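See below for the structure under consideration.
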2 protein chains.
Amino acid sequence: MNKYIEISNELRNHILKDNLYHPNDQLPCEKDLCIQYGASKMTIKKALDILVDEGLIYKKRGHGTFVKGLSQQQLDIMEENLCNTQQALTGFSRQYAKEDVTSTVLEFSVIPPTPKIASNLHITEEDFVYKIIRVRNRNGVPCVIEETYMPIDLIPGLKMAHLESSIYAYIRQTLHYEIQSSHVRIRAKGASEFIARNLQLEPGSPVAVVEQIAFLDNGMPFEYSFSTHKADLFDFSAVIVKKIP
Amino acid sequence: MNKYIEISNELRNHILKDNLYHPNDQLPCEKDLCIQYGASKMTIKKALDILVDEGLIYKKRGHGTFVKGLSQQQLDIMEENLCNTQQALTGFSRQYAKEDVTSTVLEFSVIPPTPKIASNLHITEEDFVYKIIRVRNRNGVPCVIEETYMPIDLIPGLKMAHLESSIYAYIRQTLHYEIQSSHVRIRAKGASEFIARNLQLEPGSPVAVVEQIAFLDNGMPFEYSFSTHKADLFDFSAVIVKKIP
DNA sequence: AGGCATTTGTCCGTATGTATT
DNA sequence: TAATACATACGGACAAATGCC
């Protein structure tokens, strides 16, 4: 593992687990951290900047580096979520790996894409896409319904069995692609009759919809999806840090 | 302005506005960019890494740097949102600066905080907080209702007039504090009777709730708020980029 | 399969700038 | 003013991944 990753992991643990650094504590200055970790200033800076981006600490020029005044609840959320943010890129099955996850496939077909789908998947309307509609159950309870489109050229050989377990595992392990990033858009709405029926809700009940475009590490969008979550099971966290002073 | 910010701004414009670099295009290699911009490798790398974080480009070691296969719609969203993500830290009035924004103050009082509020604002239950409930109107239409708590010690002298315009402007311009970051949590639910009445909705209609803790550049949380958005006016975008290979 | 050139990644050292106390 | 601490920028050495021959 890289040095700056290791240092940032260690410092993060000191804040979130070891209780070595508490909210509002000042961290050792960069020079001391250099000595402590036998690293250069750039390496320490890089390690600290990761924690700044994660929302754990802040730095003030001429002053020092400090832990933010975070509540225990926030610390807990962050401990759970820091990996989770990354796990958004590992698919539903991995995200809830500890729980009993099953899928009910409602539709699995190959169709020509609508203009919107073609555009977002960066293909033409003459290409074909898989259309997949799945209900995801956690511990036997339906909680998300996913409508997914993927270019067949990019993800060849997709079978029903993959849908019932994890498409992401197929992409990673069989096709040897890596997922690089994902652009999400979150909205709320009332459940349609179709959604309501499959999530065991009343029509019009509040649901959260995550529109996602996911990219492979070759820059191509390979998945365009709409995940509709039961409102009371949906919880999305994010940290926004000011970059430009 | 810093060199790496300028370079990254220029490259971003080449992608989003000048149409100089298109989706899937390869950018010049770092060495060439060094020559082109008269900058060192580290500076170019830093500029490019900003665009990677923003979700515009990706890099492959031993191969090069490329624009992602983004749709025009995505490019539009990003052009609008790249500033917006940062503007989440400037408050509602700034965010919708082009539109006619008004506020209706429903409650403005000073109360002792509940345990949850005290914890998230990192104060004791013996401190006091402002409690503010405001309806925000865009072009005369109520679209968000905000329930806000702020420690009176941190934000002294807050008056009704500030609530009717912008609290953030007061904090920045009068108290000379800067907002450093904000932790948000997004959920969906059905509107309560109170929410429904004030947003001119039917009770139970879907709404999006943003729970936010905002931090000053001294590390202290100064605002704990719940913003309830009319579902059809709520739209949140985010980019998730895989950091660890 | 092996070797080579290309390209980005990591890490170090150093110098200078800027904000705070 | 001086000391402190983080920020920017440069250059160089070596490592690791990729594509091509």
Side-chain angles (χ1 to χ4, degrees), chain A residues 1-11 21 24-53 56-68 176-178 180-181 216-220 241-245, chain B residues 1-11 21 24-53 56-68 176-178 180-181 216-220 241-245:
Chain A
M1 188 70 77
N2 299 329
K3 207 165 181 174
Y4 71 92
I5 300 277
E6 272 179 1
I7 296 172
S8 104
N9 286 345
E10 196 163 324
L11 290 171
Y21 299 129
N24 297 325
D25 277 1
Q26 177 163 14
L27 267 60
C29 74
E30 290 185 350
K31 191 161 64 69
D32 291 351
L33 289 171
C34 288
I35 299 164
Q36 189 175 327
Y37 287 100
S40 77
K41 231 182 69 153
M42 285 302 292
T43 305
I44 294 296
K45 179 170 159 46
K46 210 165 171 182
L48 290 174
D49 280 344
I50 290 172
L51 303 184
V52 171
D53 281 342
L56 279 170
I57 64 173
Y58 67 99
K59 304 198 273 187
K60 273 190 106 167
R61 203 190 292 208
H63 197 183
T65 305
F66 305 83
V67 181
K68 285 206 295 197
H176 300 290
Y177 285 140
E178 279 299 323
Q180 188 260 348
S181 61
L216 296 176
D217 61 357
N218 64 4
M220 288 303 293
V241 178
K242 194 166 147 193
K243 295 275 173 73
I244 311 130
Chain B
M1 189 70 78
N2 299 328
K3 206 165 182 174
Y4 71 91
I5 300 276
E6 271 179 1
I7 296 171
S8 108
N9 286 344
E10 195 164 325
L11 290 171
Y21 300 127
N24 297 325
D25 277 1
Q26 177 163 15
L27 267 60
C29 74
E30 291 185 352
K31 193 162 62 72
D32 290 350
L33 288 171
C34 289
I35 297 164
Q36 190 176 325
Y37 287 100
S40 75
K41 219 185 74 159
M42 289 302 290
T43 305
I44 294 295
K45 181 172 159 40
K46 207 164 172 184
L48 290 175
D49 280 344
I50 290 172
L51 302 183
V52 171
D53 281 341
L56 279 170
I57 64 173
Y58 67 98
K59 305 198 275 188
K60 271 188 110 163
R61 193 192 288 199
H63 196 189
T65 305
F66 304 83
V67 181
K68 286 207 294 197
H176 300 292
Y177 285 140
E178 279 300 322
Q180 189 261 348
S181 61
L216 296 176
D217 59 358
N218 64 6
M220 287 304 293
V241 178
K242 193 166 150 195
K243 296 274 173 77
I244 311 130

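Letters A, B, ... mirror the listed sequences (proteins, then strands); counts begin at 1. Here the structure is a predicted model, which is why all the values come from computation and not from measurement. The analysis underlying the following values was restricted to heavy atoms, covering all of them including side chains, and did not include hydrogens, waters or symmetry mates.
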Under 4.0 Å from OP1 or OP2 of [N]: is there any side-chain N or O of [X] that close?
X	N	result
A:K3	C:dC12	yes
A:Y4	C:dC11	no
B:K59	C:dG9	yes
A:T65	D:dA5	no
A:T43	C:dC12	yes
B:K45	C:dG9	yes

Judged by atom type as modelled, is there a donor-acceptor pair below 3.5 Å linking the side chain of [X] to the main-chain atoms of [Y]?
X	Y	answer
B:K3	B:G38	yes
A:Y58	B:N218	yes
B:K60	B:F66	no

Starting from the 5' end of DNA chain D, give me the residue, A:P28 or B:A39, whose nearest nucleotide shows up first.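 Here A:P28 is the residue nearer the 5' end.
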Taking the side chain of B:C29 as heavy atoms from C-beta outward, which of C:dG13, D:dT18, C:dT8 is closest to it?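 For the B:C29 side chain, the nearest candidate turns out to be C:dT8.
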Distance check needed: [N] [atom2] versus [X] [atom1], whole Å only.
X	N	atom1	atom2	result
B:F66	D:dA17	CZ	C1'	13 Å
B:H176	C:dT20	NE2	C1'	17 Å
A:H63	D:dA3	NE2	C1'	14 Å
A:M42	D:dG12	CE	P	16 Å
B:R61	C:dT6	CZ	P	18 Å
B:L27	C:dT7	CG	P	13 Å
A:Q180	D:dA17	CD	P	17 Å
A:N2	C:dG9	CG	P	11 Å

When you match A:G62 and B:L48 each to their closest nucleotide on DNA chain C, which lands nearer the 5' end?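 The residue whose closest nucleotide sits nearer the 5' end is B:L48.
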Restricting to side chain to side chain contact (heavy atoms under 4.5 Å, CB included), what partner residues turn up for B:D53, sequence neighbours left out?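 Once residues adjacent in sequence are excluded, the partners of B:D53 under the side chain to side chain contact (heavy atoms under 4.5 Å, CB included) criterion are B:K243.
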With a 4.0 Å cut-off on heavy atoms, is B:K46 in touch with a base, just the backbone sugar-phosphate, or nothing at all?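 B:K46: backbone/sugar contact only, no base atoms under 4.0 Å.
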If you look at every strand shown and take non-hydrogen atoms under 4.0 Å, does A:K41 touch a base, only sugar-phosphate, or nothing?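 Base, at least one base heavy atom under 4.0 Å.
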Compare all side-chain heavy atoms of A:L216 with those of A:Q180 and state whether any distance is below 4.5 angstrom.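 They are not in side-chain contact.
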